[in-house]
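Just below is one structure, and these are the notes that go with it.
Owing to the predicted nature of the structure, the values given are computational and were not obtained by experimental measurement.
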Amino acid sequence: MAQEETRRLPQVLARVGASHGITDLACKLRFYEEWAPEYDQLQARGFLQIQGVDGSPEMLKKAQARGLYHHLSLCTLGQEPLPSPEGTFDAVIMVGALSEGQVPCSAIPELLRVTKPGGLVCLTTRANPSNLPYKKALEATLDSLEHAGAWEQLAAQTVDCWELATSELEMMPGTSTKDGFIPGIIYLYRKQKVAQGEGGRPAPQPPAGL
């Protein structure tokens with residue numbers, strides 16, 4: 001199979017815009033720039049060492065330019081493990097990547113692995129028509145981990161105006177073309193503080209520091 005020539009970020013943005021009929025790329029495809037204020041809020045709440053991963057070297061360059069991250073790594077979720085030891089992070093956040101054609105549901109246990117016991121995992125996905133099969137599979141994965149005692153769900157909040165649709169076919173019934181938004185959902189989980197042994201009892205834990 002012939003490989004397409006590698007494209008730089010401006011070329012990718014232009015191609016995405018052309019394929020969806022988007023002309024105002026600066027308004028609708030903000031990527032990291034749109035998220036920066038939210039990460040500022042995380043730092044204000046005490047999350048001072050923020051690390052990030054992305055499968056695109058060019059996107060990592062843009063993230064580095066924001067000056068928000070303590071460390072950035074190149075990693076393709078679902079194809080390779082995260083470059084962090086087990087139980088590294090107080091909170092793990094994935095926004096905008098869990099959907100059809102992007103990060104597979106099989107990557108969820110890897111996010112849980114690098115979360116500290118008692119730490120938080122925040123995930124999002126779209127609830128537009130074309131993403132509903134993925135959403136169903138994602139929720140089955142989330143539920144199976146909860147039933148296994150790996151984490152507990154703290155919230156599952158639907159957001160009606162989650163992001164701008166790239167096609168009228170993606171808008172929900174009753175949504176006007178003027179509105180142009182599709183719904184999404186936010187999931188928040190807390191990782192179990194102790195491992196579960198047989199019969200649901202806490203498994204013996206080694207002393208701290210071992």
Side-chain angles (χ1 to χ4, degrees), residues 3-85 88-108 110-111 113-115 119-126 128 130-131 134 138 159 161-167 170 180-188:
Q3 291 186 337
E4 188 175 13
E5 180 183 356
T6 302
R7 298 173 183 271
R8 300 187 65 80
L9 182 60
Q11 295 174 297
V12 173
L13 294 178
R15 185 172 183 182
V16 170
S19 65
H20 294 289
I22 301 174
T23 56
D24 53 341
L25 289 173
C27 293
K28 293 187 177 180
L29 296 176
R30 294 183 184 276
F31 292 100
Y32 287 103
E33 289 86 345
E34 188 77 6
W35 305 340
E38 303 300 328
Y39 285 103
D40 284 335
Q41 288 296 316
L42 285 175
Q43 290 183 321
R45 292 176 180 272
F47 294 93
L48 301 179
Q49 294 192 10
I50 301 176
Q51 300 189 27
V53 298
D54 200 290
S56 165
E58 292 297 325
M59 293 306 289
L60 289 176
K61 289 179 183 178
K62 291 184 70 67
Q64 184 67 49
R66 301 303 305 182
L68 300 173
Y69 295 91
H70 178 72
H71 182 73
L72 291 163
S73 301
L74 182 67
C75 178
T76 304
L77 283 168
Q79 298 182 25
E80 54 188 326
L82 285 166
S84 300
T88 298
F89 301 106
D90 295 294
V92 173
I93 302 172
M94 179 174 287
V95 177
L98 289 169
S99 62
E100 187 64 37
Q102 297 189 62
V103 176
C105 300
S106 58
I108 301 300
E110 184 64 7
L111 302 179
R113 179 186 68 81
V114 299
T115 306
L120 301 174
V121 181
C122 182
L123 311 169
T124 73
T125 194
R126 301 194 302 266
N128 54 307
S130 67
N131 198 55
Y134 180 95
L138 173 63
V159 180
C161 295
W162 178 248
E163 64 182 32
L164 287 168
T166 57
S167 166
E170 289 299 308
F181 282 90
I182 61 173
I185 185 167
I186 303 170
Y187 308 94
L188 182 63

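Partners of Ser99 under the side-chain hydrogen bond (donor to acceptor under 3.5 Å, both in side chains) rule, at least two apart in sequence or in another chain, are Gln102, Arg126. Shown here are the side-chain hydrogen bond (donor to acceptor under 3.5 Å, both in side chains) partners of Tyr134, two or more places apart in sequence or in another chain: there are none.
Taking 4.5 Å as the limit, some side-chain heavy atom of Cys75 sits within range of a side-chain heavy atom of Glu80. Contact annotation: the side chain of Tyr69 never approaches that of Gln51 to less than 4.5 Å [non-hydrogen atoms, C-beta and beyond]. The closest side-chain heavy-atom distance from Glu110 to Leu82 is below 4.5 Å. Using a 4.5 Å heavy-atom cutoff, the side chains of Pro85 and Val114 are not in contact. Residues Val53 and Leu72 are not in side-chain contact: their nearest non-hydrogen atoms beyond the backbone lie 4.5 Å or more apart. Using a 4.5 Å cut-off on side-chain heavy atoms (C-beta onward), Cys122 and Ile186 make contact. Contact check for Asn131 versus Ile182: no side-chain heavy atoms found under the 4.5 Å cut-off. The shortest side-chain heavy-atom distance between Thr88 and Thr115 does not fall under the 4.5 Å cut-off.
Residue Pro104 comes nearest to Gly78 through the heavy atom pair CG-CA, 3.7 Å, listed as atom of the first residue, atom of the second, then distance. The two atoms that bring Pro57 and Gly55 nearest to each other are CD-O, 3.8 Å, heavy atoms only.
Side chain of Thr124 to backbone of Gly96: a donor-acceptor contact under 3.5 angstrom is found.
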**Q.** Intermediate values then yes/no, side-chain contact (heavy atoms from CB on, under 4.5 Å), Leu60 and Leu74
**A.** CA-CA 7 Å; Leu60 289 176; Leu74 182 67; 3.8 Å; yes

Q) Under the side-chain contact (heavy atoms from CB on, under 4.5 Å) criterion, do Leu138 and Ile108 qualify, and how do the steps go? A) CA-CA 9 Å; Leu138 173 63; Ile108 301 300; 4.0 Å; yes

Q. Does the side-chain contact (heavy atoms from CB on, under 4.5 Å) test come out yes or no for Trp162 and Asn128, once each step is laid out?
A. CA-CA 10 Å; Trp162 178 248; Asn128 54 307; over 6 Å; no

(Q) Go through it in stages, so that I can follow the logic: the residues are Met94 and Leu77, the test is side-chain contact (heavy atoms from CB on, under 4.5 Å), and I'd like the CA-CA distance, side-chain angles, deciding distance and then a yes or no. (A) CA-CA 11 Å; Met94 179 174 287; Leu77 283 168; 2.9 Å; yes

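Here the CG atom belonging to Leu120 is positioned 14.0 Å from the CZ atom belonging to Phe89, to the nearest 0.5 angstrom. For the atom pair NE2 (His71) and OG (Ser84), the distance works out to 7.5 Å, reported to the nearest 0.5 Å.
With 3.5 Å as the limit, one finds no donor-acceptor pair spanning the side chains of Asp54 and Ser56.
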